[in-house]
There are 2 protein chains.
Amino acid sequence: MLFKNIQMIDPAFRVLEDMTVAVRGDTIAYIGSWKGLPEGEDWGEIYDGRGKLLIPGLYNIHAHTPMTLLRGYGENLSLHDWLNQKIFPFEARLTAEDIYYGYLLGVAEMVRFGTVSSTDMYFQGDSLARAILDSGFKSNMSISVTCFDDRDYKELPIYKETLALLDKYHLAGGGRVKIDLSLHGEYTSTPKVAAGLAQHCKSLGLNMHVHLSETQSEHEGSKMRHGKTPPRYFADQGIFDSPTTAAHCVWVDEDDLDILADKGVTIATNPISNLKLASGICPIPRAKAKGINIGLGTDSVASNNSLNLFEELKLYALLHKTTANDPTLITPEEAFACATINGALSQRRENCGSIALGHKADLVVLDTTVPNMQPCHHQLFNLVYSADGGDVRLTMVDGQILYRDGKWPTLDMDNILKHVNASCRRIVKELDK
Amino acid sequence: MLFKNIQMIDPAFRVLEDMTVAVRGDTIAYIGSWKGLPEGEDWGEIYDGRGKLLIPGLYNIHAHTPMTLLRGYGENLSLHDWLNQKIFPFEARLTAEDIYYGYLLGVAEMVRFGTVSSTDMYFQGDSLARAILDSGFKSNMSISVTCFDDRDYKELPIYKETLALLDKYHLAGGGRVKIDLSLHGEYTSTPKVAAGLAQHCKSLGLNMHVHLSETQSEHEGSKMRHGKTPPRYFADQGIFDSPTTAAHCVWVDEDDLDILADKGVTIATNPISNLKLASGICPIPRAKAKGINIGLGTDSVASNNSLNLFEELKLYALLHKTTANDPTLITPEEAFACATINGALSQRRENCGSIALGHKADLVVLDTTVPNMQPCHHQLFNLVYSADGGDVRLTMVDGQILYRDGKWPTLDMDNILKHVNASCRRIVKELDK
């Protein structure tokens with residue numbers, strides 16, 4: 001495919017006009033003028049880019065994608081009641097097939113809103129991997145370790161499950177699937193398991209994905225349980241010896257931020273989920289000052305309740321101006337980096353996250369003729385502050401179109417919705433008994 | 001027009017299935033079953049409502065709509081630099097025609113995102129009124145008084161301008177246009193002018209629209225200037241003796257909230273603008289506890305940077321859970337009331353704001369088959385937390401369709417964009433000199 005006469009955001013976040021961008025296979029093979037395009041190659045469809053903006057696809061680096069099934073199931077409860085009365089009983093009834101279709105629905109939503117990749121944590125790894133492969137989506141996926149007794153990590157069933165997943169799916173789909181390791185959290189594991197998992201992750205050279213200091217009770221509880229904060233505890237168990245994406249980091253203090261900076265941990269901030277669950281607000285200005293890599297996540301649909309990273313992008317770009325009482329804080333360039341390249345780097349996908357020659361063709365086309373994108377004093381400002389997820393016209397992952405003008409070429413939407421709705425009816429019926 | 005087989009939100013925020021809703025002229029003439037529809041009347045087009053949700057149109061009760069022209073013009077500056085280097089010089093160059101077309105662009109955006117009415121404050125009243133009448137939109141509009149010297153209100157040119165506007169436009173367009181009076185703010189006026197305007201408003205029986213305690217410097221400055229907070233000062237000048245919509249109210253204290261409650265003032269909260277300008281966060285939980293009427297506003301595009309009330313609705317529904325550390329606070333029902341009926345009541349449009357027999361046909365259709373609205377455990381929860389502005393398929397004001405499936409039947413979009421872009425080019429060129 002070849003995009004012609006299109007505006008684009010380059011890797012330095014500059015807006016380039018009237019560009020030609022060509023895709024060969026899964027790769028961006030040409031960026032330049034129409035005249036400079038090498039002759040004699042058949043690029044396939046020529047996409048008329050007038051009135052359109054080409055951006056790198058968005059990275060959602062903290063998600064539990066199959067939880068689309070729980071959208072709007074149980075609202076306005078205390079965290080305890082919400083988890084114990086609604087979320088956990090529902091999740092306990094999810095089958096492998098439920099999770100497969102729930103994931104596909106999440107992909108449909110994410111690509112409709114311009115997201116090309118997730119860092120995903122859930123269970124039923126085969127369902128996750130199959131959904132990623134079948135849909136054409138990209139993901140660093142993990143099944144997360146929880147363990148409340150003093151066992152060795154290698155005694156847990158998940159140890160072998162993870163090895164099987166690695167064997168079967170790691171780098172499958174031309175590298176679209178990556179298997180991360182994951183510790184669910186400080187409060188849902190024991191020191192021995194954490195240390196064992198950390199060692200395993202390091203020996204395999206994989207990425208780590210964790211929840212970290214999301215709530216005050218978790219953060220303060222860790223001090224009681226271990227005599228240290230969750231970041232200090234994780235560092236001591238060796239968790240951060242692998243490249244780590246740590247979700248939330250709402251309650252971290254200065255020393256914690258120093259640890260994260262020192263260990264090269266990426267913060268996956270989830271502002272909408274944190275507001276909805278009344279968890280608090282991540283101290284982004286202080287994290288930024290330490291040079292910590294920051295990316296954006298939606299968390300699960302159950303605490304969001306959508307997978308629309310444009311919402312997350314705008315809120316991220318605005319929220320911290322007020323918490324720091326400084327309207328000059330978080331530039332649109334910084335915010336857009338968090339939604340794209342920072343996420344790609346956290347997934348260790350060095351050839352992703354920006355529109356550059358030789359990079360993977362993870363591309364999104366936005367309509368800039370819609371009223372909310374007019375007039376245009378600066379297209380990047382409009383993109384960050386004014387774009388609506390519904391302005392996305394096309395989403396491509398590794399050169400394959402996953403969404404275009406209200407249609408999902410790789411997904412059988414009728415079948416997905418049929419399965420998802422049947423799953424929900426079945427589970428709610430069981431729970432209502 | 002007749003909507004058939006459609007889901008709808010009723011005035012008690014219940015979700016009703018498989019409804020028939022019929023519109024005669026500008027009014028909702030039937031709500032019920034298909035079988036119960038009186039025979040023999042030609043309702044015009046029958047709209048197939050399967051997979052759709054019918055909601056009352058949204059009310060944006062604090063806007064400066066023509067400022068679409070300044071979208072993304074000057075970002076990440078201190079409030080002082082932003083206003084003095086960017087906003088004021090740009091606004092000083094706006095002609096009546098610029099404002100007319102800027103307003104029309106704002107209408108295009110608002111109706112695309114399901115808003116049917118605004119409470120609008122700007123200048124060039126003829127341009128505002130003509131744009132409202134020509135587009136089919138609904139608005140309580142005002143031109144706001146600013147005055148820095150010790151004159152009588154009736155000596156200001158705006159006094160006569162307002163009388164002329166009232167004469168020419170009040171209740172025009174079948175009541176779609178209402179003229180409010182407006183004092184820009186405590187810090188941009190003098191006591192004599194405030195008292196004169198208040199008296200004039202009361203004698204005419206009109207609504208009042210003000211900015212109130214938006215920033216800390218305004219709030220604290222008022223104590224220095226007058227020995228009282230802005231709400232106390234306004235109350236003493238008689239401003240609140242007319243039904244008042246007070247925008248922002250970020251810095252109000254307990255006594256201030258008691259005044260607002262006592263005087264029946266509506267708070268127009270603008271969470272996105274307040275975050276963007278680092279103004280702070282309105283103490284909604286305390287205002288709610290006092291029984292104050294609360295509606296939602298976008299403020300201007302320059303501080304938002306869109307007119308998408310779905311963004312405001314979701315943020316409003318989530319933000320205060322965290323500031324109050326209580327995830328049970330602000331129910332979806334309450335949030336949706338703020339976006340609809342509360343706004344209509346603040347405009348004193350008692351026959352608007354909900355889908356009820358005899359009410360004005362201000363109706364919005366949402367697509368519920370999109371992935372972000374599936375599955376559906378509870379449609380109101382999906383509406384508040386999961387809907388994207390881009391899910392709107394049709395917006396009707398007083399029975400007239402203003403937006404449908406990417407088209408604006410009452411607006412010449414090409415002409416609007418031509419004028420808006422020419423205005424921006426001209427003004428930026430002048431400013432760059």
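Each chain gets a letter, A, B and so on, in the order its sequence line appears, and its residues count up from 1. Values below: every heavy atom of this structure, side chains too, minus hydrogens, waters and symmetry copies.
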Exercise: identify the closest heavy-atom pair between [X] and [Y]:
X      : Y      : result
B:G390 : A:R112 : O-NH2, 3.9 Å
A:P375 : B:N421 : CB-OD1, 3.7 Å
A:Y385 : B:S306 : O-OG, 4.1 Å

Item to check | Student check: side-chain heavy atoms of B:N274 and A:T322 closer than 4.5 Å | outcome: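 No, their side chains stay 4.5 Å or more apart.
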Checklist entry - Got B:Q374 and A:V420 here, is their nearest side-chain heavy-atom distance under 4.5 Å? => result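 Counting from C-beta outward, B:Q374 and A:V420 never come under 4.5 Å.
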Please rank [options] by heavy-atom pairs under 4.5 Å with chain A and give me the top one.
options                : answer
B:K321, B:M373, B:M110 : B:K321
B:L315, B:I272, B:V384 : B:I272
B:E75, B:M413, B:H378  : B:E75

Nearest 0.5 Å, please: how far is [atom2] in [Y] from [atom1] in [X]?
X      : Y      : atom1 : atom2 : answer
A:L105 : B:N372 : CG    : CG    : 9.0 Å
A:S303 : B:L318 : OG    : CG    : 10.0 Å
A:T328 : B:L79  : OG1   : CG    : 12.0 Å
A:E333 : B:N76  : CD    : CG    : 7.5 Å
A:N305 : B:L383 : CG    : CG    : 12.0 Å
A:K314 : B:L275 : NZ    : CG    : 10.5 Å

Next on the checklist: Would you say that more than 12 heavy atoms from the other residues, nucleotides or ligands in this model lie under 6.0 Å from the CZ of B:R93, or not?
Outcome noted: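 Atom CZ in B:R93 is crowded, with more than 12 foreign heavy atoms closer than 6.0 Å.
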Item to check | Leading residue by heavy atom contact count with chain B [cutoff under 4.5 Å; candidates A:V428, A:L307, A:T369, A:L319] | outcome: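 Ranked by contacts with chain B, first place is A:L319.
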Checklist entry - Can you list the steps and then say if B:F310 with A:D388 is a side chain to side chain contact (heavy atoms under 4.5 Å, CB included)? => result CA-CA 10 Å; B:F310 279 94; A:D388 179 78; over 6 Å; no
Next on the checklist: Under 4.5 Å from any heavy atom of chain B, what part of A:W82 do you find: side chain, backbone, both or neither?
Outcome noted: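 Interface part for A:W82: neither.
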